[in-house]
K.L.:
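So that we are looking at the same thing, I have put the structure below in structure tokens.
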Amino acid sequence: MPLDEEPPQQVPGSFLSALPQFFVFPAILVITLTVAYFGLRMLIGFEPDSARELLDEIRTASGPGARWQSMHSLADGLRRGQLSLDEVPATELAALYGAYAGDSPQSRQFLLQVLGWKQAPELTMLAVGALSDADPDVRLSALYALSQAKDPDAVPALIEVLNGAEPTERFLALGALAATGTPAARDAVASQLPSEDGILRRNAALALAAAGDVRAAPYLPGLLVRANYDSDPALGDSDPTLDEASRTAKRQDVVEQFLVSAARAAGRLKDEKLAPLLEQMRANDPSLKVRSAAINALHDMDAAAAPGNVTPNPPK
């Protein structure tokens with residue numbers, strides 16, 4: 001091309017001719033994603049609309065494996081709040097447990113997780129009976145169910161577990177008793193305050209403080225000081241598969257949880273003697289969660305002490 005000749009000018013297409021591409025490609029993308037979604041849903045199945053539908057699936061399942069998978073789906077839906085047992089009679093759930101609990105430990109485990117969402121005496125008795133099951137996971141599921149049921153009739157059985165030897169079951173029994181909240185249940189929790197098990201003793205104090213029980217007051221100052229946790233070997237993780245850094249991180253998480261719970265408990269108990277310790281937590285603790293919990297507890301104390309407010313006497 002001669003140097004003195006200008007190249008021909010490219011005339012752009014009109015806006016109307018380019019307009020379809022702004023709609024065609026997004027439409028193709030949406031259609032593709034929709035087809036993929038429904039294809040996956042057809043493979044794994046759609047979530048049931050009601051607990052009744054899953055109960056029917058449990059009864060018509062082709063075998064124990066398929067049956068306990070439906071039980072798991074029902075328990076999971078109840079836990080997430082997507083399903084409800086309001087329209088299901090307790091007698092029907094009791095009959096379901098009687099019919100299929102013998103299939104396998106998994107069946108008993110998931111059925112107990114279902115029973116916890118319906119409060120009825122006959123369901124409480126089933127969970128109490130499962131506390132002596134040979135399978136440890138079934139016993140833990142029974143304790144979770146009793147924690148949700150909060151039935152005073154379960155207190156004697158929970159006290160027996162609390163005085164047992166298995167640590168995890170003792171902790172869960174402690175929580176179930178604290179949730180029940182009857183005088184006998186609180187007395188059982190208070191009986192663990194002198195325990196040599198530091199974790200159990202701390203949890204007992206926190207549970208009583210959450211209930212407003214003044215018997216927790218002498219134990220809360222020690223729970224509000226981070227340094228008091230340094231010498232407790234029970235807070236460490238003995239898992240041999242973890243390296244030292246992972247064990248240290250898990251220990252720090254446990255200590256942080258105790259400090260946050262202690263600050264919240266102090267806010268509920270509203271004991272002004274704990275205010276200086278909460279001020280130290282607010283100003284010096286390295287954890288933002290702990291500092292926030294201390295601030296909230298101090299706010300609760302200030303609100304209770306404001307003119308015109310009357311703090312009710314906590315139960316003894």
Side-chain angles (χ1 to χ4, degrees), residues 112 115-117 119-121 123-125 127-132 139-224 228 232 234 254 257-275 277-278 293 296-297 300-301 304 310-316:
L112 286 164
L115 299 187
W117 295 95
Q119 296 182 354
L123 303 183
T124 296
M125 291 301 101
V128 167
L131 293 175
S132 58
R139 298 196 298 270
L140 295 181
S141 294
L143 287 167
Y144 279 119
L146 292 172
S147 296
Q148 291 176 279
K150 303 176 184 178
D151 191 335
D153 290 340
V155 168
L158 290 171
I159 292 175
E160 186 175 345
V161 176
L162 182 63
N163 294 326
E166 210 291 315
T168 303
E169 293 180 15
R170 295 181 71 192
F171 299 147
L172 291 177
L174 184 75
L177 287 165
T180 304
T182 63
R186 288 203 305 270
D187 289 343
V189 174
S191 71
Q192 302 302 312
L193 291 174
S195 173
E196 296 181 358
D197 187 323
I199 296 181
L200 192 65
R201 182 176 64 250
R202 293 186 182 105
N203 278 302
L206 293 174
L208 286 175
D213 195 306
V214 295
R215 286 176 288 187
Y219 296 88
L220 277 184
L223 296 177
L224 293 168
N228 291 341
D232 190 344
V254 173
Q257 291 171 13
F258 268 120
L259 289 169
V260 168
S261 298
R264 291 172 178 169
R268 294 188 189 100
L269 208 56
K270 297 178 176 59
D271 186 349
E272 289 295 332
K273 297 177 183 178
L274 302 175
L277 292 173
L278 290 170
N296 291 334
D300 291 341
M301 288 184 177
V310 179
T311 303
N313 293 326
K316 296 183 179 181

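What you see is a predicted model, and the numbers here were worked out from it, not measured in a lab. Residue numbers start at 1 and run along the sequence shown.
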K.L.:
For M301 and L278, what are the C-alpha separation, side-chain angles and deciding distance, and is it a side-chain contact (heavy atoms from CB on, under 4.5 Å)?
P.N.:
CA-CA 11 Å; M301 288 184 177; L278 290 170; 3.6 Å; yes
K.L.:
Looking only at heavy atoms, what is the nearest atom pair of A207 and V189, with distance?
P.N.:
CB-CG1, 4.1 Å
K.L.:
Please check if the side chain of S261 supplies one atom and the backbone of F258 the other of a donor-acceptor pair under 3.5 Å.
P.N.:
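It does not hold such a pair.
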K.L.:
Measuring from atom CG of L208 to atom CZ of R186, what distance do you get when rounded to the nearest 0.5 angstrom?
P.N.:
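Answer for the CG-CZ pair, L208 versus R186, is 8.5 Å.
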K.L.:
If you take all heavy atoms of L220 and A262, which pair is closest and at what distance?
P.N.:
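In terms of heavy atoms, the two residues are closest at CD2-O, 4.3 Å.
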K.L.:
Would N228 and L223 satisfy side-chain contact (heavy atoms from CB on, under 4.5 Å), going step by step from the backbone distance to the final call?
P.N.:
CA-CA 7 Å; N228 291 341; L223 296 177; over 6 Å; no
K.L.:
Output the distance between atom CG (L224) and atom CG (L259), rounded to the nearest 0.5 Å.
P.N.:
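Going from CG on L224 over to CG on L259, the span is 7.5 Å.
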K.L.:
Can you list the residues that meet the side chain to side chain contact (heavy atoms under 4.5 Å, CB included) rule with P167, with sequence neighbours excluded?
P.N.:
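Expected list: F171.
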K.L.:
What residues form a side chain to side chain donor-acceptor pair (under 3.5 Å) with R170, not counting sequence neighbours?
P.N.:
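With sequence neighbours excluded, R170 shows a side chain to side chain donor-acceptor pair (under 3.5 Å) to Q192, given in chain and number order.
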K.L.:
Shortest non-hydrogen contact from A154 to T124?
P.N.:
CB-CG2, 3.9 Å
K.L.:
Measure the spacing between CD1 of I159 and CG of L174 and express it to the nearest 0.5 Å.
P.N.:
11.5 Å
K.L.:
Which heavy-atom pair separates L274 from P221 by the least distance, and what is that distance?
P.N.:
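Taking L274 first and P221 second, the nearest heavy atoms are CD2-CG, 3.7 Å.
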K.L.:
Excluding sequence neighbours, so at least two apart, what forms side chain to side chain contact (heavy atoms under 4.5 Å, CB included) with T182?
P.N.:
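Applying side chain to side chain contact (heavy atoms under 4.5 Å, CB included) to T182 gives P152, V155, T180, A184, A185.
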K.L.:
Scan residues 139-154 for pairs that pass salt bridge (charged side-chain N to carboxylate O under 4.0 Å, His left out), counting only residues two or more places apart or in two chains.
P.N.:
R139-E169
K.L.:
In the structure I gave you, are the side-chain heavy atoms of D187 and R215 within less than 4.5 Å of one another anywhere?
P.N.:
yes
K.L.:
Taking only residues two or more places apart in sequence or in another chain, which ones pass side chain to side chain contact (heavy atoms under 4.5 Å, CB included) with A217?
P.N.:
L269, D271
K.L.:
Show me, pair by pair, the donor-acceptor contacts under 3.5 angstrom made by side chains of residues 140-147, not counting sequence neighbours?
P.N.:
residue : atom : partner : partner atom : Å
S141    : OG   : D137    : O            : 3.1
S147    : OG   : L143    : O            : 2.9

K.L.:
Name every donor-acceptor pair, under 3.5 Å, that has one atom in a side chain of residues 196-206 and the other anywhere in the protein, sequence neighbours excluded.
P.N.:
residue : atom : partner : partner atom : Å
D197    : OD1  : I199    : N            : 3.1
D197    : OD1  : L200    : N            : 3.2
R201    : NH1  : S195    : O            : 2.7
R202    : NH1  : D232    : OD2          : 2.6
R202    : NH2  : D232    : OD2          : 3.1
N203    : ND2  : I199    : O            : 2.9

K.L.:
Heavy-atom count around E166 CD within 6.0 Å, excluding the residue itself: above 12?
P.N.:
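Result for CD/E166: enclosed.
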